[in-house]
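First up is the structure itself, then whatever we jot down about it.
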Amino acid sequence: MKNHLLEKALLLDANYIEENNESKIMLYLSNENGHFWVKDNDFSPYFFVAVGNDEASKTAKELLGLNFGDAERFCVKDAQLTNAIVKDKAVIKVTFFKVSHLVLARKIFSEMGFERYEYDVPFAKRYLLDMRLQPGNWIEYFVVDEEKIESNKINEDNKINEVDNSKSAESKKGVSGKFKSRVSNSSDGEDEENTTVVISGKVKVIKEIKVVDGPFGGKGVAFDLETKMGKKFTIGGEPILMVSIVANDVGELDEKKPNYERVISHGTKKVPKLEILESESEVVEKLIIELNKNDTSYIITYNGDNFDFAYTKERAKKLGLTFEVNGFVPLTRRHGLDNAVKLQGIQHIDSYQIMRFLQRTGAVNTAKLDIESVSEKVFGEFKEKVLPKEITEAWESKDVKKLARLVDYNLKDSRVAFRIAQQFLPLFVEISKLTSQTLYDTTRSTTSQMVEDLLLKETHYRGIIAPNKPKENEVIQRTQNPIKGAFVKEPMAGLHENIAVLDFASLYPSIITSHNISPDALNCAHDACKKNISPDGTWFCTKKKGLFPEILEKLLKQRLQLKREYKRKKKEEGIDDRVLFAKQWALKIILNSVYGYLGYPRARWYSRECASATTAWEREYIHETIKKSEVAGFKVLYGDTDSNFLLMLDKTKKDVENFVEEVNSKLPEGMELEIDGFYKRGIFVTKKEGGAAKKRYALMDEKGNLKIVGFEYVRRDWCIIARETQKKVLELVLSEGKPEKAVECVKRVLKELKEGKVEKKDLVIMTVLQRDTKDYDSIGPHVAAAKKAIARGKELGAGSMLSFIITKGGKGKQSISDKAELEEYVKEGDYDVEYYIENQLLPAVLKIVQELGYSKEDLLTGGKQTGLNAWG
DNA sequence: TAATTCGCTAGACCGA
DNA sequence: TCGGTCTAGCGAA
């Protein structure tokens, strides 16, 4: 045995090649020696089949003999009986030489009547999961050999899709593994750019790969295009006018370390920061060179999945240029309703996808996800928007001022895209570590995918076979049979003082672990376990820990520890450790998603019983806590799912602490009631139909901080003037307890509205067009406005964010929809005063002041001379 | 290619 | 014209 070399490198990507009629795993790594592909010869594609116990070994032998007519290799490389059991059946692991064989075999096996499992896990993903590798982290491995790669083709579509195997000749066509070095003849004398050549020639063959912790980092290059506006937009239809490029280390958040930045254009005037090249062709060439600089690990865009890559590709084609990155043509894949652009080795990070994820998980909340809104919301930096027609005009006019504005805009687009990646990649690295998926995948994943990947990883490790994805009819059936959810207590309407808010820490995960809720522990055969029966009637094993509780418990513990360490470091050392923060954040996202996953109809591990038992116990615990609160002498004001609002009455904070302690002493281990905070005042309002409204309240803490929940103020489908006035009213009412000022405030706004003085931007109502306009049964104002805009030539479809205003409208009786117009078609001052008073301002503030004894008339007329004492 | 249910409100729609 | 019902959207947890 020769001496093998031990190496370390950061893992970026996994894929596979076809070589000697076998599929071989390739990993893309980076370390101080640069970026390179390595090969692992020891992993082959496989899936499982389940057969009756008696025939198992016989079947395994038969499978081994299966031949699909391939000249060089048998289709089945290996068939081994495993220790796993699925539904009382023995499980055989069937291994293949090639992915294409697997794809063929699973169809044939199905026709032969075999039950198949894990047959739809893509090969490279399978490898990462089985090997428990962590893209974004480092690996250590032995180099055992060097081989010359014969086939330098990377499989084009790593995804194994059971339904669609009918690859067209076009998509089947392999991509070149070699990037031709392009000689730069640019006149600026910077003949600097070298390009990388990948997977040509020798690659290292590696063995004994294991994860070692190492720092995350590497060079990221962000780019952004500005294109000419044509009559009708098509991808690549008009020339690229300007390109900005920003590069730096994505692992560094050092503000002092300057970015590498350049903005290039052609056919216009030179202004500061702008380089003028000979032609569009040179601009595109330069961009391609920048994207192929030696040490790039991440290419960052903002919506590059749907725009920048496709546009560059199309223009390059028209200009006769080859557009390759790291030796491969960027691949566009369908990804749900939109696209995803995959590069080989280098990770394409689309910061827009990152923002979408953060928006979905509630980490950010912004009406629009355009770069301008994100810049403002996430970084607190105003960024000016330049409209498409202004872009073209600036470029054509060669006006110095307009061009400078455009250059600034273009550059900032790349900067913001880059900064988002820098800021949030640590989170996705931690998710990647948990799920063993590449950053490319993780940044485009949904929370359910993350949970499922984690489960696939954890079950493989334990020798458990994953359930199959449900068929469509099963999905429909599950959907039609929803699970009863959480309990929400009807609040007491009105103003209240001295409120303590309690809540359960990680309620659902803690219930799942405490009661061992897991599909594999459901209704076990042991009599003794029936004492662990849910209010729902299902029970869970108390003798053997189930899969879900085992995983969750581990994650919960880790998170608690990380949070403690993060806090300690911050307090004692004054260090805001973003890696620690990202680690606990990643865990939080996964933990919070597990309950939803159990009740998600498309989940492999869907379990109606488990999800239902979780909420059943939730309702029991919250009712129990409410009861105990009242016994302890508190009055329960409100509660939603995991929270309990107490009126303290004559009690002290200490009493609350003691109460919480008392409750905790009786809770099962792992569950914990916490004090969320103490509030000076709070208000709940009465619904239109009577009764107090749930999920709507405002609280003010001892420092005067206002927390508004559920009210119009937090809803984007209400106009700013109504929202802001509501906030002021709440502030005045809660901070001073005297509503006269609030009434005055409303009157001032009413006056402004009546006088037609309110600006357009304060009247805009925002709503997402959820489907194409033709698909609506009921034409609401936003749909009507969209239809009118479409008639004027605007392109709007499902997912478009609409900003509209209710205008004065024309003659005759008109509905609100008739008067709704998109903001851009409305002149300042053209708004329906009555609508904004009656349907926006008043509804937002009335329900609040009504709790204090004021009526609509009090707001509209002279009003009461003396307000009621708010709490008299 | 999609985590869940609970809840509020507006405005269209529709029949009397 | 009125009032009940349905569609639609968004937020809380």
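Bear in mind that the values here come from a model prediction, so they are computed numbers and not experimental data. Just so we're on the same page: letters track the sequence lines, and every chain starts at 1.
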**Request:** Could you check whether A:V594 gets within reach of a base, just the sugar-phosphate, or nothing at all, counting any heavy atom under 4.0 Å?
**Result:** nothing

**Message:** Using 0.5 Å steps for rounding, measure from the CH2 atom of A:W585 to the CD atom of A:E430.
**Reply:** 12.0 Å

**Item:** Partner of A:D832 by side-chain hydrogen bond (donor to acceptor under 3.5 Å, both in side chains), out of A:K808, A:K819, A:Q840, A:Q814
**Value:** A:K819

**Asked** If you check every side-chain atom of A:K694, which of C:dA13, B:dC8, B:dT4 has the closest atom?
**Response** B:dC8

**Request:** Tell me what A:R619 touches on the nucleic acid: a base, only sugar-phosphate, or nothing, going by heavy atoms under 4.0 Å.
**Result:** nothing

**Request:** Assign A:Y508 to base, sugar-phosphate, or nothing according to its heavy-atom contacts below 4.0 angstrom with the strands shown.
**Result:** nothing

**Request:** May I ask you to decide if the ring planes of A:Y595 and A:Y508 are parallel, tilted or perpendicular, using 30° and 60° as cut-offs?
**Result:** perpendicular

**Asked** Looking across every strand, which nucleic acid part, if any, lies under 4.0 Å from A:W718 by heavy atom: base, sugar-phosphate, or nothing?
**Response** sugar-phosphate

**Request:** Report which part of the nucleic acid A:K695 touches: base, sugar-phosphate, or nothing (heavy-atom distance under 4.0 Å, all strands).
**Result:** base

**Request:** Using a 4.0 Å heavy-atom cut-off across all strands, classify A:D503 as base, sugar-phosphate, or nothing.
**Result:** nothing

**Asked** Does A:R715 get its side chain close enough to the base of C:dC10, under 3.5 Å, for a donor-acceptor pair?
**Response** yes

So which protein nitrogen or oxygen atoms get under 3.5 Å of nucleotides 4-6 of chain C's nitrogens or oxygens?
none

**Proximity to the side chain of A:I779 - top-ranked nucleotide from B:dC13, B:dC8, B:dA2** = B:dC13

**Asked** How would you label the contact of A:F504 with the nucleic acid (heavy atoms, under 4.0 Å): base, sugar-phosphate, or nothing?
**Response** nothing

**Request:** Return the minimal non-hydrogen interatomic distance between A:V636 and A:I626, and the atom names on each side.
**Result:** CG2-O, 3.8 Å

**Request:** Please examine the side chains of A:L598 and A:I512, heavy atoms only from C-beta on, and report whether any two atoms are closer than 4.5 Å.
**Result:** yes

**Asked** Considering heavy-atom distances to DNA chain B, does A:A486 or A:G596 have its closest nucleotide positioned more toward the 5' end?
**Response** A:G596

**Message:** For A:D640, is there an ion pair with A:K694 - N to carboxylate O distance below 4.0 angstrom?
**Reply:** no

**Asked** So what does A:I483 hit on the nucleic acid, given a heavy-atom distance under 4.0 Å: a base, only sugar-phosphate, or nothing?
**Response** sugar-phosphate

Can you give me the N/O atom pairs linking the protein to nucleotides 1-3 of chain C at distances under 3.5 Å, or say none if there are none?
none

**Message:** Does the plane of the ring in A:W605 sit parallel, tilted or perpendicular to the ring in A:Y597? Use 30° and 60° as the thresholds.
**Reply:** tilted

**Prompt:** Is the closest basic N to carboxylate O distance between A:D305 and A:R444 below 4.0 Å?
**Reply:** yes

**Asked** Got a sec: does the NZ of A:K588 have more than 12 other heavy atoms crowding it under 6.0 Å?
**Response** no

**Request:** For A:S817 and for A:K847, locate the closest nucleotide of DNA chain B by heavy-atom distance; then report the residue assigned to the nucleotide nearer the 5' terminus.
**Result:** A:K847

